[in-house]
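So the structure is just underneath, and the comments pick up after that.
Numbered from 1 within each chain, the chains take letters A, B, ... in sequence-line order. Basis for what follows: all heavy atoms, side chains included, without hydrogens, waters or symmetry-related copies.
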Number of protein chains: 2
Amino acid sequence: MIVATWNVNSIRARLERVLQWLDRTEPDIVCLQETKVVDADFPADPFRERGYELAVFGQKAYNGVAILSRLPLQDVRRGLDGEQEARFLQARCGDRLVVCSVYVPNGGTVGSEAWDYKLRWFDRLRAYLERAASPETPLLLAGDFNVAPEPRDVAFPEAWADSVLFHEAARAAFRKLIDWGLVDLIRLHHEGPGPFTWWDYRNLAFPRGDGLRIDHLLATPPVAACCTEAGVHREERKGKKPSDHAPVWARLNL
Amino acid sequence: MIVATWNVNSIRARLERVLQWLDRTEPDIVCLQETKVVDADFPADPFRERGYELAVFGQKAYNGVAILSRLPLQDVRRGLDGEQEARFLQARCGDRLVVCSVYVPNGGTVGSEAWDYKLRWFDRLRAYLERAASPETPLLLAGDFNVAPEPRDVAFPEAWADSVLFHEAARAAFRKLIDWGLVDLIRLHHEGPGPFTWWDYRNLAFPRGDGLRIDHLLATPPVAACCTEAGVHREERKGKKPSDHAPVWARLNL
DNA sequence: GCTACACCCG
DNA sequence: CGGGTGTAGC
């Protein structure tokens with residue numbers, strides 16, 4: 001089976017591209033972020049027509065997460081410890097695999113209130129895992145973590161050193177999450193540098209090759225053990241009306 | 001030769017549709033209205049590539065008129081008696097034919113200040129013709145006049161009787177303009193009702209057939225005498241991203 | 001740059 | 001409804 005995550009930067013603005021990618025990729029499970037739509041307006045029908053069950057958790061203008069699954073979706077949990085922002089959505093796909101679609105706060109600028117919120121959000125996510133999950137059971141955390149964990153995850157690390165996406169404090173928060181018991185599926189199959197998953201819309205970042213790897217598929221060891229392949233669909237950052245993020249995918253021999 | 005007028009409701013939003021229509025229609029002269037763009041941002045290159053000379057007169061958010069011509073453009077005049085609003089543009093196309101792209105004020109609501117301005121604008125246009133033109137020389141006034149002159153120019157005349165587009169005072173102002181010495185080229189070839197040129201974006205006006213004929217090709221007798229055919233490209237109101245206006249065209253055996 | 005949003009306008 | 005404007009967020 002194929003699992004994937006994609007920050008689509010508005011599911012309504014991106015619908016045609018997402019559907020075409022879906023038809024080409026045929027993933028079994030997809031986590032979406034920044035859907036930017038309230039649940040009543042989520043364009044569910046084209047996904048249902050393609051055989052997916054949906055769990056959606058949206059809000060008015062920002063954020064918004066969703067899970068598409070060809071396996072039966074159950075035990076849906078919306079929000080991290082009952083927060084109102086639509087950044088966390090969990091569901092069980094099929095018998096055992098628990099999947100979380102995650103959109104970590106960007107952090108604004110280093111030192112801001114938003115920055116504090118981002119670092120705390122990592123702590124709260126780790127606390128949630130400690131209390132509600134176990135590294136021994138099949139769990140997939142997929143989403144936009146807004147952190148490039150290591151220098152090889154940044155095309156020009158020096159230029160990004162003080163940014164919210166690569167600041168040492170954000171990387172430390174990400175590492176603490178990993179240390180709970182998660183495996184970075186991309187790094188099982190790619191040494192790097194890259195593959196990158198995000199290029200700023202501004203400053204010609206994509207043509208200049210100024211990418212970061214901030215979208216991740218993180219899984220517990222029983223899931224990671226059966227990951228045979230993983231990658232990034234970089235071509236989705238090209239052409240007309242791309243998201244600023246590319247999809248990240250992994251093949252699981254479950 | 002073919003002459004045409006089209007209120008495009010933003011040349012930037014409509015560019016692809018206008019170019020495709022141009023390639024299919026191959027008009028020699030086109031008057032555009034509601035280009036909604038300052039001259040520096042007018043997308044001139046695709047028109048030049050197709051063999052047109054351009055005269056443009058635009059402003060920031062509203063209005064904006066342009067003339068495209070395969071014949072040499074000369075003697076360009078911008079604005080009606082030096083007004084700032086981009087509603088009038090005149091040029092000579094080729095040796096003798098003078099062409100004006102005209103965007104008459106809508107008029108807001110009957111009785112408003114905008115309504116007064118609309119009626120006066122017609123007076124000023126007539127005064128301009130009296131002082132600067134002659135019914136004996138080749139002149140084409142093409143544009144959105146925001147007036148349906150007669151009941152046969154409105155699909156549901158009773159419903160529109162008190163509107164700014166069909167109010168008796170607006171029709172009288174239009175008639176006075178015609179009486180200077182202009183011929184309505186569409187009415188040379190169509191008895192009506194219709195053909196209509198505008199359907200409100202709101203209230204499902206197009207599917208309900210609720211159209212008005214408010215865009216006109218008005219010409220002096222020497223031009224009208226060689227008009228062999230005229231019509232409205234109603235299909236341009238269909239499909240994706242249509243303008244609310246359809247192009248009006250005429251064939252001149254000049 | 002490319003999303004949203006609110007507002008103005010026909 | 002579908003253009004324009006501006007502002008905010010990333």
Side-chain angles (χ1 to χ4, degrees), chain A residues 7-15 17 33-38 41 58-64 85-87 103-110 112-115 117-118 144-147 160 163-165 198-208 210 212 214-215 237 239-245, chain B residues 7-15 17-18 33-38 41 58-64 85-86 103-110 112 114-115 118 144 146 160 163-165 198-208 210 212 214-215 237 239-245:
Chain A
N7 179 323
V8 292
N9 189 12
S10 170
I11 188 59
R12 285 176 294 183
R14 212 71 56 214
L15 186 59
R17 186 183 273 265
Q33 299 85 39
E34 286 208 82
T35 53
K36 292 187 174 178
V37 68
V38 293
D41 294 341
Q59 65 179 72
K60 189 158 197 189
Y62 307 113
N63 312 321
E85 292 200 333
R87 297 184 172 277
Y103 178 46
V104 175
N106 169 283
T109 55
V110 173
S112 68
E113 207 165 304
W115 170 245
Y117 181 61
K118 175 181 189 169
D144 175 2
F145 290 80
N146 270 314
V147 169
W160 288 88
S163 88
V164 290
L165 303 179
W198 175 82
W199 298 261
D200 200 319
Y201 278 129
R202 294 162 289 188
N203 310 325
L204 302 169
F206 188 73
R208 285 178 40 238
D210 186 10
L212 284 80
I214 61 177
D215 301 273
R237 180 60 233 250
K240 289 216 167 192
K241 296 226 323 167
S243 168
D244 45 349
H245 296 254
Chain B
N7 178 323
V8 293
N9 189 13
S10 169
I11 188 58
R12 285 176 293 184
R14 212 71 57 214
L15 186 59
R17 186 182 273 265
V18 171
Q33 300 84 40
E34 286 208 82
T35 53
K36 291 186 174 178
V37 67
V38 295
D41 293 341
Q59 63 178 73
K60 188 157 198 191
Y62 305 115
N63 312 321
E85 292 200 332
Y103 177 46
V104 175
N106 170 281
T109 54
V110 173
S112 67
W115 171 244
K118 175 180 190 168
D144 175 1
N146 270 315
W160 287 88
S163 87
V164 290
L165 303 179
W198 175 82
W199 299 260
D200 200 318
Y201 279 128
R202 295 162 288 188
N203 312 321
L204 301 167
F206 188 74
R208 284 178 41 238
D210 187 8
L212 283 79
I214 61 178
D215 301 274
R237 180 59 234 252
K240 290 217 166 192
K241 297 226 317 170
S243 168
D244 45 348
H245 296 253

DNA chain C: 5'-proximal contact among A:A13 and B:G107 (nearest heavy atom):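 The residue whose closest nucleotide sits nearer the 5' end is A:A13.
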Partners of [X] by salt bridge (Lys or Arg N to Asp or Glu O under 4.0 Å), sequence neighbours excluded?
X: A:R12; result: none
X: B:D244; result: none
X: A:R14; result: none
X: A:D200; result: A:R202

Within this structure, what is the [atom1]-to-[atom2] distance between [X] and [N], rounded to whole angstrom?
X: B:L212; N: C:dG10; atom1: CG; atom2: P; value: 16 Å
X: A:N63; N: C:dC5; atom1: CG; atom2: C1'; value: 14 Å
X: B:I11; N: D:dG2; atom1: CD1; atom2: C1'; value: 16 Å
X: A:D244; N: C:dT3; atom1: CG; atom2: P; value: 9 Å
X: B:N7; N: C:dG10; atom1: CG; atom2: P; value: 13 Å
X: A:W115; N: D:dG9; atom1: CH2; atom2: P; value: 18 Å
X: B:N106; N: D:dG4; atom1: CG; atom2: C1'; value: 15 Å
X: B:E34; N: C:dG10; atom1: CD; atom2: P; value: 9 Å

The criterion is side chain to side chain donor-acceptor pair (under 3.5 Å); which residues satisfy it with [X], sequence neighbours excluded?
X: A:K36; result: A:N9
X: B:Q59; result: B:N63
X: A:R17; result: A:E236

Would you tabulate the nitrogen or oxygen pairs shorter than 3.5 Å linking the protein to nucleotides 5-8 of chain D?
unit_1: D:dG6; atom_1: OP1; unit_2: B:K60; atom_2: NZ; d: 3.0

Exercise: identify the closest heavy-atom pair between A:N146 and A:D144: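 Here A:N146 and A:D144 meet closest at N-OD1, 3.0 Å.
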Of residues 198-205 of chain B, the positions that come close to DNA chain D - non-hydrogen atoms, cut-off under 4.0 Å: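 Correct list: B:Y201, B:R202.
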Interatomic distance, B:T35 atom OG1 to B:Y62 atom OH [nearest 0.5 angstrom]: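 Reported to 0.5 Å precision, the distance equals 14.5 Å.
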Phosphate OP1/OP2 of C:dT3: any A:K241 side-chain N/O under 4.0 Å: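 For A:K241, the contact criterion (side-chain N or O under 4.0 Å from OP1 or OP2 of C:dT3) is met.
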